[in-house]
Amino acid sequence: QKEVEQNSGPLSVPEGAIASLNCTYSDRGSQSFFWYRQYSGKSPELIMFIYSNGDKEDGRFTAQLNKASQYVSLLIRDSQPSDSATYLCAVNPPSYGKLTFGQGTILTVHP
Amino acid sequence: NAGVTQTPKFQVLKTGQSMTLQCAQDMNHNSMYWYRQDPGMGLRLIYYSASEGTTDKGEVPNGYNVSRLNKREFSLRLESAAPSQTSVYFCASSDRGWPDGYTFGSGTRLTVV
């Protein structure tokens, strides 16, 4: 089992819809969770981080964490074509101490 | 505010050649990292430096060496390049407290022929 696994995608949603990106992790002791957005040919940029169970909202983005289920998700409301990118989930397992990344999910928002 | 600066941006090497990828950060971060990114495989950690003077292997260290020259600079060296090292390389830095995750450089696209 991969340490961090994301839904395989690619995910295609119409403009204005909610995009849901999912991530599971294997190390139950992981403490911090990050979502990065990466445009084609660019470097990853941090868009959300979450430490506690529940929801964390920032504008159109909501990160959700369920440590019991070892699951973290990112919801993008009112999706825009400019949201089209690869989204990377990253986890900080305490046994390793460095961020471990999932393989990424490609999101396409079509007009 | 430059953040994390990587050089070069593109490089083509022949099999067996050597090269050094340079990385410098101006955010006074303690920790620095080198990742490689291959299609469908996400980012994989090659080496990291938790603080000046220390370096440790990551998930895929074979064929690479690193030097933490000072607090600002962390270089990655390929001693004898192989086609399997064709990839996009990212340098990143972070503070120990993890409030903001990593800051990434713009990447180096390396092709080994």
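Each chain gets a letter, A, B and so on, in the order the sequences are listed, and its residues count up from 1.
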[X] side, atom [atom1]; [Y] side, atom [atom2] - distance, nearest 0.5 Å:
{"X": "B:Arg44", "Y": "A:Thr100", "atom1": "CZ", "atom2": "OG1", "value": "12.5 Å"}
{"X": "A:Gln103", "Y": "B:Asp38", "atom1": "CD", "atom2": "CG", "value": "13.5 Å"}
{"X": "A:Lys98", "Y": "B:Asp56", "atom1": "NZ", "atom2": "CG", "value": "6.5 Å"}
{"X": "B:Ser94", "Y": "A:Leu46", "atom1": "OG", "atom2": "CG", "value": "11.5 Å"}

For residues [X] and [Y]: do they belong to one hydrophobic cluster (side chain heavy atoms under 4.5 Å, members Ile, Leu, Val, Met, Phe, Trp, Tyr)?
{"X": "A:Leu75", "Y": "A:Val72", "value": "no"}
{"X": "A:Phe33", "Y": "A:Trp35", "value": "yes"}
{"X": "A:Val109", "Y": "A:Leu11", "value": "yes"}
{"X": "B:Tyr47", "Y": "B:Val4", "value": "no"}

Got a sec: does the CG of B:Leu69 have more than 12 other heavy atoms crowding it under 6.0 Å?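 More than 12 within 6.0 Å, yes.
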A:Ile106, CD1: over 12 other non-hydrogen atoms inside 6.0 angstrom: no
Given heavy-atom pairs under 4.5 angstrom as the criterion, report whether the side chain, backbone, both or neither of A:Gln38 touches chain B. side chain
Judged by atom type as modelled, is there a donor-acceptor pair below 3.5 Å linking the side chain of B:Tyr102 to the main-chain atoms of A:Leu99?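 Pair found, side chain donor or acceptor close to backbone of A:Leu99.
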For the pair A:Ser43 (side chain) and B:Gly107 (backbone), establish whether a donor and an acceptor sit closer than 3.5 Å, ignoring hydrogens and angles. no
Sub-4.5 Å side-chain heavy-atom contact between B:Phe104 and A:Lys42: no
